[in-house]
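Right, one structure below, let's go through it.
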Amino acid sequence: MLDFNTLAELSRGNCISICAFLVPANLLVTILTIRLVALRRPSHQVWQSAGIASFFASVMILHVYTWFLIGVVMAPTYILLWLAIICLVANLAAILFQRRYNNSPSLSNNA
């Protein structure tokens, strides 16, 4: 059976490697989601990218909460938490933006 305390210790013990992967992964995949929306790519590509980015952001939030559980309250924990929240909100906004403007008529002069 999976023990939460063991996972939390693993998360805290490997903090540098976890953050070294999650921070760039969050930023890159969130930027990819925004770029896919800007290029008007199909919605399944946007949803896939947003799903991956949301997974990375959720893992980062869980990682930060393991630090909060033992009482570590420092600037890096809040910075990482806000980064993850901003990535989640940006991906949600990209999906909503795409859904809203894919259904609207084109603004081109090809009428």
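Source: prediction; values computed, not measured.
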Exam field: side chain Q98 to backbone R41, donor-acceptor pair closer than 3.5 Å: yes

Residues, nucleotides or ligands: over 12 heavy atoms within 6.0 Å of Y65 OH: no

Over 12 foreign heavy atoms within 6.0 Å of CD1, I70: yes

If every non-hydrogen atom of [X] is compared with every non-hydrogen atom of [Y], which pair is closest and at what distance?
X   : Y   : answer
A53 : N26 : O-OD1, 3.5 Å
T33 : S49 : OG1-OG, 2.6 Å
L88 : I61 : CD1-CD1, 3.6 Å
N91 : A50 : OD1-CA, 3.7 Å

Pairs touching residues 67-88 that satisfy side chain to side chain donor-acceptor pair (under 3.5 Å), sequence neighbours left out: none

When you group the ILVMFWY residues by side-chain heavy-atom contacts below 4.5 Å and let the links chain together, are [Y] and [X] in the same group?
X   : Y   : answer
V23 : V89 : yes
F21 : I52 : yes
V59 : L92 : no
V29 : I18 : yes

Member of L36, L32, L39, I34 meeting the side chain to side chain contact (heavy atoms under 4.5 Å, CB included) criterion with V46: L36

Test side chain to side chain contact (heavy atoms under 4.5 Å, CB included) applied to C19 and L83, L80, V64, N14, the passing residue: L80

P42: partners by side-chain contact (heavy atoms from CB on, under 4.5 Å), with sequence neighbours left out: H44, Q45

Derivation and outcome, side chain to side chain contact (heavy atoms under 4.5 Å, CB included), residues M60 and L81: CA-CA 7 Å; M60 184 180 291; L81 182 64; over 6 Å; no

